[in-house]
Structure formats: structure tokens, C-alpha cells
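Heads up: the structure comes next, in C-alpha cells.
Quick caveat, the model's predicted, so the values are computed rather than measured. Just so it is clear: chains get the letters A, B, ... in the order the sequence lines come, proteins before strands, and each one is counted from 1.
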Protein chains: 2
Amino acid sequence: MISDRLSATFAALADPTRRAILARLVSGEASVTQLAAPFEISMPAISKHLKVLERAGLIARGHEAQWRPCRLKAGPLKDVADWAEHYRRYWTESFDRLDDYLRDVENREKKHGYGKHGDKRKRA
Amino acid sequence: MISDRLSATFAALADPTRRAILARLVSGEASVTQLAAPFEISMPAISKHLKVLERAGLIARGHEAQWRPCRLKAGPLKDVADWAEHYRRYWTESFDRLDDYLRDVENREKKHGYGKHGDKRKRA
DNA sequence: GATGTATTTAACCTCTAGGTTAATTATGCC
DNA sequence: GGCATAATTAACCTAGAGGTTAAATACATC
């Protein structure tokens with residue numbers, strides 16, 4: 001079980017099915033069956049996804065006869081947005097802190113350099 | 001392995017150690033040993049976290065002698081921020097779509113209602 | 001080339017995530 | 001009460017996450 005709220009939120013959002021469920025809930029309350037319709041997975045699987053979303057505080061659930069309608073609770077998403085905002089200047093600097101390391105790195109690029117999987121290039 | 005980029009990003013961010021590493025990288029490039037310092041886990045564990053961050057495109061790695069300095073790559077965080085922004089109006093509506101369901105729900109709250117774990121309350 | 005430092009890889013462990021099918025619970029309707 | 005529908009719980013499976021320790025790799029220096 002994930003203790004801190006932000007981790008629980010990110011973990012809940014890491015699954016595309018769950019993000020799709022949230023997206024669906026934007027257009028209003030829905031039953032479990034309705035939420036399950038677009039997916040090929042079983043009902044219990046959907047049920048588990050909903051439990052994860054509920055634990056993360058991203059949905060709330062009601063009771064109407066045998067239905068348990070879900071609705072969006074976007075509160076934790078504000079935390080996500082706020083958290084990401086702290087990094088805005090780093091994605092704004094066109095290439096991630098480009099200015100910071102250009103002088104350091106570029107003028108010694110024959111020796112070092114940032115490659116995808118380390119330095120496997122031939123060296124002159 | 002996670003196929004879509006957004007899922008990989010969220011999954012990477014779901015771990016507090018990894019978020020702390022990103023936060024540290026805001027103050028500039030750092031070696032693996034430097035990044036590991038604040039934590040009690042082993043070097044291989046840190047190495048794995050860095051691999052996750054690298055795969056998610058959140059860091060880039062260099063080569064300097066036996067060091068593999070890391071730097072922040074905030075690109076994917078913009079996607080996170082953009083994604084979250086779509087839900088702004090739902091967390092802005094003070095209590096998550098409050099207006100949408102107040103009429104529907106509140107006037108039948110004796111029968112139904114949104115509780116933490118379903119309707120376990122006594123009914124009149 | 002031996003030694004020391006930085007880091008990764010290998011091999012392993014445990015726990016959990018995400019899925020399944022079958023059974024159970026809750027409710028409305030006849 | 002009996003049946004149909006909605007959803008959850010139970011029991012199970014597999015793959016992967018996150019951690020460990022020990023061994024291997026890469027580089028600088030003496």
C-alpha cells in the first residue's frame with residue numbers, strides 16, 4: 001500500500017484504463033457496467049481499477065439500488081498539476097536546462113557526451 | 001514494460017525516491033553517488049531508479065571517466081501538466097462537480113448517498 | 001599491471017499489480 | 001419466494017517492481 005497521497009495519485013494515473021475511466025467521468029456520473037463497456041477486461045478487473053481510483057481519492061461512489069455510480073473527484077489532480085508546475089521552467093528552457101550545460105558539455109564533447117546508452121561511440 | 005509514454009511517466013513519478021531525485025537535479029547535474037547520498041537504500045537500487053527515470057525520458061546521463069552524471073529532462077513533465085490541466089475546472093468547482101449532483105443527490109439522501117464505503121448508515 | 005573508486009549487472013527474494021473464473025451479495029420485479 | 005441484473009469478493013495466476021548482496025565492468029592513477 002502506498003502511504004503518501006501524491007505517490008498514490010501518480011500510481012493510480014499510471015494505468016491507461018484508469019485514466020480513460022476518469023476521462024469518461026468528465027461527462028458525468030456512470031455505473032460500473034457503463035464504465036466497463038469500452039474495455040475488453042472483465043468486470044472484476046474494472047472493479048479493482050475503481051477501488052484504486054477510490055483509494056486515491058479520484059472518484060467517489062454512490063448507492064442506487066444495485067448500482068454503485070461513480071463520479072469524478074479531481075482534488076488530487078490539483079496536487080499533480082501543482083507538483084508538475086514546479087518544473088515548468090525546465091521544460092520551458094527549450095531543451096531541459098540547455099543553457100546550464102552547453103558551455104560545460106559542448107566544448108568537451110569529443111571526450112564525453114550524453115548518449116542514449118552511455119558512450120558506445122567510436123572516439124577520434 | 002509500459003508502452004505509452006504518459007503511463008511510463010506517471011509510473012516513474014509514483015515513487016517518492018524518484019521524485020526526490022528529480023527535485024535534487026533541479027540544482028544541477030549530479031553523479032549517481034551524489035544522488036544516492038540522501039537515501040538509505042543500496043547503490044544498485046538507486047541505479048535501477050535512475051534507469052526507470054531514464055526510460056521515462058525524465059533524465060539524461062553523461063560520461064565522465066567512471067562517473068555517469070545525470071541531468072533533468074523535464075519534457076515529459078509538460079505532458080503531465082497538460083494532462084492534469086484538462087481537469088482544472090473539476091477541482092476548481094470547489095467540491096468536484098458539486099453543482100452537478102447536488103440537486104440529484106441531496107434531495108434523496110435519505111435513501112442513497114455517497115459514503116466512504118457504501119451505505120452503511122442506519123436508515124430512518 | 002595492480003589498486004582504488006564509480007557504477008552496473010547478475011542472481012535472487014518478496015510483495016503487489018493486474019488479470020482471470022467462479023461464487024457471493026444486494027437489489028428490483030413478478 | 002424465485003429470478004434477473006449489478007457489482008463485489010474469493011481464490012488463483014503471472015509478471016514486474018523494488019529491494020538485497022556479490023561479482024563484474026570501466027576508468028584514473030600509481
Side-chain angles (χ1 to χ4, degrees), chain A residues 1-4 7-21 29-37 39-56 59-70 108 111-113 115-121 123, chain B residues 1-4 7-21 29-37 39-56 59 61-70 108 111-121 123:
Chain A
M1 232 143 285
I2 297 170
S3 48
D4 68 299
S7 294
T9 306
F10 278 129
L13 298 178
D15 187 289
T17 302
R18 289 194 289 263
R19 291 200 305 280
I21 288 173
E29 231 175 79
S31 73
V32 178
T33 309
Q34 288 171 330
L35 290 173
F39 306 105
E40 290 189 334
I41 61 180
S42 66
M43 286 293 289
I46 296 289
S47 212
K48 285 186 184 179
H49 281 307
L50 294 176
K51 191 167 289 180
V52 172
L53 290 169
E54 188 179 20
R55 288 237 169 117
I59 63 171
R61 329 197 57 180
H63 251 216
E64 283 191 43
Q66 66 260 218
W67 293 276
R68 315 280 204 289
C70 300
R108 61 185 176 193
K111 282 191 67 187
H112 326 300
K116 206 163 185 171
H117 290 96
D119 192 357
K120 290 198 176 114
R121 300 167 297 177
R123 294 175 191 177
Chain B
M1 229 141 288
I2 299 169
S3 48
D4 68 300
S7 294
T9 305
F10 278 128
L13 297 178
D15 187 288
T17 302
R18 289 195 289 262
R19 291 200 305 279
I21 288 173
E29 229 175 81
S31 72
V32 178
T33 309
Q34 288 171 331
L35 291 173
F39 306 104
E40 290 189 333
I41 62 180
S42 66
M43 286 292 290
I46 297 289
S47 211
K48 285 186 184 178
H49 280 306
L50 294 177
K51 191 167 291 180
V52 172
L53 290 170
E54 189 179 18
R55 288 238 170 117
I59 64 171
R61 327 197 59 180
H63 250 219
E64 284 191 40
Q66 64 260 222
W67 293 275
R68 315 281 203 288
C70 301
R108 60 186 176 194
K111 283 191 65 186
H112 326 300
Y114 286 90
K116 208 164 183 169
H117 291 96
D119 193 359
K120 294 202 173 108
R121 299 167 300 178
R123 295 175 191 179

Are [X] and [N] close enough that a side-chain N or O sits under 4.0 Å from OP1 or OP2?
X	N	answer
A:His63	D:dA6	no
B:Lys51	C:dT7	no
B:Arg18	D:dG18	yes
A:Arg61	D:dT8	yes
A:His49	C:dG19	yes
B:Thr33	C:dA6	no

Taking 4.0 angstrom as the limit, do A:Lys48 and A:Asp15 come out as a salt bridge?
->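 Judged by the 4.0 Å cut-off on N to carboxylate O distance, A:Lys48 and A:Asp15 do not form a salt bridge.
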Please test A:Glu29 against A:Gln34 for side-chain contact (heavy atoms from CB on, under 4.5 Å), starting from the C-alpha separation and ending with a verdict.
-> CA-CA 10 Å; A:Glu29 231 175 79; A:Gln34 288 171 330; over 6 Å; no
[X] has a side chain; which of [options] sits nearest to it?
X	options	value
B:Pro44	C:dA10, C:dT7, D:dT8	C:dA10
B:Ser47	C:dT20, C:dT8, D:dG18	C:dT8
B:Trp67	D:dT20, D:dT8, C:dT7	C:dT7

Are B:Thr33 and B:Met43 close enough that some pair of their side-chain heavy atoms sits under 4.5 Å apart?
->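 Yes; the side chains approach each other to less than 4.5 Å.
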How many whole angstroms separate atom [atom1] of [X] from atom [atom2] of [N]?
X	N	atom1	atom2	answer
B:Leu50	D:dG19	CG	C1'	15 Å
A:Ile46	C:dA17	CD1	P	17 Å
B:Asp15	C:dC15	CG	P	18 Å
A:Arg55	C:dG18	CZ	P	13 Å
A:Ile41	D:dC13	CD1	P	21 Å
A:Phe10	D:dG18	CZ	P	14 Å
B:Lys48	C:dC13	NZ	P	13 Å
A:Met43	C:dA23	CE	C1'	15 Å

Is the backbone of B:Leu50 close enough, under 3.5 Å, to the side chain of B:Arg61 for a donor and an acceptor to pair up by distance?
-> no
Report yes or no: does A:Arg18 contribute a side-chain atom to a donor-acceptor pair with the main-chain N or O of A:Ala12 at less than 3.5 Å?
-> yes
Which comes earlier along DNA chain C counting from the 5' end, the contact point of A:Glu40 or that of B:Gln66, where each point is its nearest nucleotide?
->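 Nearest nucleotide further toward 5': that of B:Gln66.
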Touch check for A:Ser31, heavy atoms < 4.0 angstrom, all strands: base, sugar-phosphate only, or nothing?
-> sugar-phosphate
